[in-house]
Amino acid sequence: MALLIVRRLVQTALILLGVAAITFLLLYALPADPARMIAGRSATAQTVANIRRELGLDQPLLVQFWTYLQGILQGNLGRSYAQKTDVGALILARLPATLILMAAGIFVEVVLGLILGIIAALRRGGAIDRMVMMASFVGVSAPQFVVALLLLYVFAVTLGWFPMSGFGTAAHVVLPAATLGILGAGWYARMVRSAMIDVLNQDYVRTARAKGLSSARIVLRHALPNALLPIIAMIGIDIGQFMGGVVVVEAVYGWPGIGQLAWQAIQQVDIPIIMGVTLVSALAIVLGNLLADIIAPLIDPRIHAR
Amino acid sequence: MLKRWLRNTTMATVLALAPLPAWAQETPKQGGDVLITYKDDIATLDPAVGYDWVNWSMIKSLYSRLMDYTPGTPDLVPSLAQTFDVSPDGLTYTFKLRTGVKFTNGRELVASDVKYSIERAVNPKTQGPGAGFFSAIKGYEDVSGGKATTLEGIEAPDATTVIFHLSRPDATFLHVLAINFASVVPQEAVEAAGGDFGKKPVGSGTFVLKEWTIGQRLVFERNPDYFVKDMPHINTFTVEVGQEPLVALLRLQKGEVDIAGDGIPPAKFLEIKNSPAGAGMIVDGEQLHTGYVSLNTKIKPFDNVKVRQAVNMAVNKERITRILNGRATPANQPLPPAMPGYDKSYTGYAYDVAKAKALLTEAGFPDGFQTVLYSTNTDPQPRIAQAIQQDLAAIGVKAEVRALAQSNVIAAGGTEGEAPMIWSGGMAWIADFPDPSNFYGPILGCSGAVAGGWNWSWYCNADLDKRAVAADSMSDPAKATERAAVWGKIFTDIMADAPWIPVINERRVVAKSPRMGGSDKIYVDPTRVINYDAIYVKQ
């Protein structure tokens with residue numbers, strides 16, 4: 001296990017280096033000039049040149065990348081071009097909101113997905129199964145923007161049960177988490193269903209049934225743990241995705257997450273922020289997968305952590 | 001002989017105009033807490049750095065400057081300055097400061113603070129976008145070139161006197177001292193913030209920043225020591241950021257929000273406007289804005305003036321104002337109507353498809369030609385670009401619309417030989433200060449027709465450049481009207497060469513709750529959009 005972690009951490013560092021290099025090169029290949037964006041309309045050519053020099057944008061690309069890497073090794077993500085603030089501080093300020101929404105969103109989608117998936121699997125081929133599968137299909141296909149606005153309109157504007165936007169209390173997290181959860185639950189429901197159907201046809205389940213165990217016990221103790229593995233892998237991926245920010249949901253609910261930060265930075269060509277968010281979310285994806293790999297053998301001893 | 005004329009005249013104008021605005025009839029009530037929303041986070045509150053329309057008005061209120069404007073008008077008035085004098089040759093400006101003005105850190109504001117603040121704005125280390133505004137001050141080249149850190153052209157002989165020596169007369173200099181980049185900041189606070197002054201601002205304006213939770217909210221509190229009595233009116237204003245305009249509007253309708261800073265999304269505008277409660281929420285104000293299509297004079301066939309004139313006649317501007325639900329009026333010259341120098345008698349190129357076709361034939365393109373029209377990619381700009389595309393098709397010009405992110409369009413415009421036509425919507429020129437010269441240099445003058453510049457027509461007319469310099473040398477305030485006329489002529493003469501299709505003058509829309517008082521003009525103030533100093537909550 002320790003070896004696995006060490007090896008994966010080394011891999012993580014290499015992946016991050018690759019992500020950093022590719023993002024960096026892509027951003028500078030863009031036909032947009034950060035110095036010009038900061039300088040605005042009225043700036044003279046000399047002002048633009050001054051800003052470019054102060055930001056180090058006049059240096060060769062490789063030198064800039066090397067400087068950036070050195071910064072990262074010292075835990076310094078650089079300074080925002082537009083905000084003139086440390087990128088690390090800007091990301092850190094938005095981290096709590098991002099983590100809360102990630103946890104709440106994953107919680108809703110997993111719980112919903114498990115319940116729907118199990119019901120569908122037990123009633124395979126029946127009307128309930130077809131309804132659940134249809135709903136999950138609608139869920140995975142519906143645009144976030146529409147679902148977010150719909151929930152907002154019904155539960156915040158009309159019924160007034162939840163605040164319309166913002167961050168701070170538990171009530172604020174319900175609608176954004178529900179939006180993410182409803183949309184994501186479809187994937188989980190489909191996966192749980194097929195895994196469960198697979199497992200329910202196994203001999204040991206028949207044996208358990210023959211022993212006269214209650215069907216709740218069969219499902220929860222015997223079948224479900226064996227169907228959970230793909231779910232855990234999927235949670236690992238979701239952690240990474242949500243850490244990169246869920247721009248649309250954040251925008252509709254005024255949720256101060258990392259996605260909003262990245263979205264504005266992209267529009268302003270604020271490269272240090274874009275780089276910082278990309279690296280943080282890449283790190284989260286890698287760590288999420290690592291976590292899934294560590295947890296899997298704990299649930300299923302047949303899998304050895306290698 | 002020093003001239004006190006301008007000071008006296010401006011004061012007289014202010015006094016004469018004061019009773020006119022409708023909001024002055026009603027005595028603004030003191031007090032109240034106001035909630036304002038914006039979609040984008042506030043980038044910075046450093047006056048030497050901040051340069052977008054959202055932070056512009058907040059910076060205006062956090063700091064004070066030698067000069068300012070009467071709320072809701074483009075009229076210059078002394079602010080930190082008590083009095084000022086301009087030398088006859090227009091090269092020396094002497095200011096006497098008000099006494100007893102304090103920064104919100106408690107220290108008294110003195111003349112050397114003014115000097116420090118402007119030097120800081122010019123210093124390349126600050127990375128300020130507005131350095132060039134101060135280029136008329138003696139010693140500017142040395143500071144912006146990194147050879148010096150102090151401007152030899154600013155003197156602070158005693159605590160209450162500031163003297164500016166200019167290297168050339170600059171008729172816009174008083175405006176320059178009223179823009180945000182000229183805001184006075186205390187050196188010790190800038191240094192204590194350690195490069196983070198934009199998040200820890202200290203000034204001497206109407207408000208103090210009390211709280212800033214990044215990504216969520218900023219709370220501004222009334223500065224009780226502000227040097228003008230009974231200003232500002234409200235106790236606090238809270239800015240919530242990251243708020244989708246559509247949601248902000250819903251919250252406004254529910255009474256949770258007082259001002260939706262981003263206005264009303266185009267798709268909802270008519271619905272709100274036609275609803276009984278909605279009409280009172282809409283503030284629709286004229287701003288110093290012109291939306292145009294640049295015609296790149298360095299790209300064939302737009303190097304041919306007849307082609308440029310022909311496309312000028314081809315665009316149906318009325319239809320474009322309808323796309324914007326009537327929130328704009330057709331334009332025929334670069335200057336907007338509210339700008340001094342705007343020529344009311346000028347008619348420009350009227351919409352005339354037949355004439356446009358004839359002119360194209362004359363230019364040697366009887367069957368039209370193919371070209372590319374750039375536009376930004378946020379609604380409604382691509383729709384406007386498509387309308388222009390259709391109009392051009394009617395005279396045989398096949399334009400491909402290329403809708404890109406703003407930064408990519410700006411980059412294309414500043415690259416020689418790249419963009420034949422650019423629809424400026426979403427990036428259009430809004431004046432930094434209400435003076436016609438501000439519509440020339442960077443966007444129509446030779447200095448802007450360089451790589452990375454904003455003169456996307458790459459139009460350079462040396463003769464007009466000379467006339468522009470001459471007009472800006474007319475710093476004798478007695479000649480202000482004459483100077484405006486000179487500028488107006490420059491712009492209508494530019495139109496003979498037709499480097500632009502002036503398309504529309506767009507009004508800005510802000511949505512406010514019925515409890516907010518004051519004239520529309522202080523919610524769409526020509527020099528600062530929302531004037532936080534002047535707005536108030538009704539009794």
Side-chain angles (χ1 to χ4, degrees), chain A residues 30-55 79-86 89-90 92-94 97 148-149 152-153 156-157 160 163-168 250-258 260-261 264 266-270, chain B residues 37 39-41 43-44 46 49 51-52 124-133 135 141 144-146 195-199 213-217 240-244 246-248 250-251 253-254 256 405-408 410-412 414-415 427 429 432 438 441-443 447 450-454:
Chain A
L30 278 179
D33 178 358
R36 188 27 87 174
M37 291 303 286
I38 297 165
R41 318 157 313 183
S42 294
T44 57
Q46 192 194 21
T47 306
V48 179
N50 277 342
I51 290 175
R52 192 172 290 129
R53 197 186 55 243
E54 287 298 323
L55 296 176
R79 275 170 83 77
S80 153
Y81 289 166
Q83 307 199 23
K84 313 264 182 259
T85 304
D86 283 328
L90 289 173
L92 220 57
R94 288 173 179 268
L149 276 178
L152 179 101
Y153 193 76
V157 178
M164 276 194 253
S165 79
F167 170 76
E250 286 176 14
V252 171
Y253 293 107
W255 190 264
I258 281 177
Q260 277 194 350
L261 183 68
Q264 280 176 33
I266 288 168
Q267 291 178 328
Q268 293 165 333
V269 204
D270 201 334
Chain B
T37 62
K39 178 164 73 59
D40 287 340
D41 204 350
T44 173
D46 184 335
V49 177
Y51 194 25
D52 62 57
K125 293 259 176 280
T126 312
Q127 302 173 20
F133 286 113
S135 61
E141 275 77 21
S144 73
D196 219 6
F197 188 66
K199 295 268 188 301
T213 310
I214 290 183
Q216 297 177 46
R217 85 183 70 76
E240 281 189 10
V241 296
Q243 302 282 314
E244 179 63 27
L246 194 59
V247 179
L250 288 169
R251 293 181 66 193
Q253 287 173 310
K254 278 195 99 178
E256 280 180 25
Q406 186 184 330
S407 54
N408 302 121
I410 291 169
T415 308
M427 321 165 277
W429 198 256
D432 298 298
N438 193 235
I443 39 175
S447 64
V450 293
W454 277 68

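Since we're looking at a predicted model, the values are computed, not measured.
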Using a cut-off of under 4.5 Å on heavy-atom pairs, state which of [options] scores highest against chain A.
options                        : result
B/P129, B/G145, B/G414, B/G146 : B/P129
B/G195, B/G198, B/S447         : B/G195
B/D41, B/V450, B/I214, B/T44   : B/D41

Quiz item: Is there a donor-acceptor pair closer than 3.5 Å between any side-chain N or O of A/Y81 and the backbone N or O of A/Q268?
Solution: no
Quiz item: For B/E240, does its backbone N or O pair with a side-chain atom of B/R217 as donor and acceptor, under 3.5 Å?
Solution: no
Can you confirm whether [X] sits close enough to [Y] that some side-chain heavy atom of one is under 4.5 Å from a side-chain heavy atom of the other?
X      : Y      : answer
A/Q46  : B/E141 : no
B/S135 : A/T44  : no
B/D52  : B/D40  : no
A/D270 : A/Q264 : no
A/V157 : A/M164 : yes

Could you tell me which portion of [X] (side chain, backbone, both or neither) has an atom closer than 4.5 angstrom to a non-hydrogen atom of chain B?
X      : answer
A/E54  : both
A/L149 : side chain
A/A156 : backbone
A/R79  : side chain
A/V269 : side chain
A/T85  : both

Identify which part of [X] has an atom lying under 4.5 Å from any heavy atom of chain A, answering side chain, backbone, both or neither.
X      : value
B/T213 : neither
B/S144 : both
B/L250 : both
B/E256 : side chain
B/F133 : side chain

Quiz item: Top residue by heavy-atom pair count (under 4.5 Å) with chain B, among A/G254, A/A49, A/A39?
Solution: A/A39
Quiz item: Pick from A/V252, A/D33, A/L90: which one has the most heavy-atom pairs with chain B under 4.5 Å?
Solution: A/V252
Quiz prompt | More than 12 heavy atoms of other groups within 6.0 Å of B/K125 NZ | solution = no
Practice problem: Give a yes-or-no answer on whether the side chains of B/R251 and B/T37 include a donor-acceptor pair shorter than 3.5 Å. | Solution: no
Quiz item: Nearest 0.5 Å, what's the CD1-CZ distance between A/I51 and A/R53?
Solution: 10.5 Å
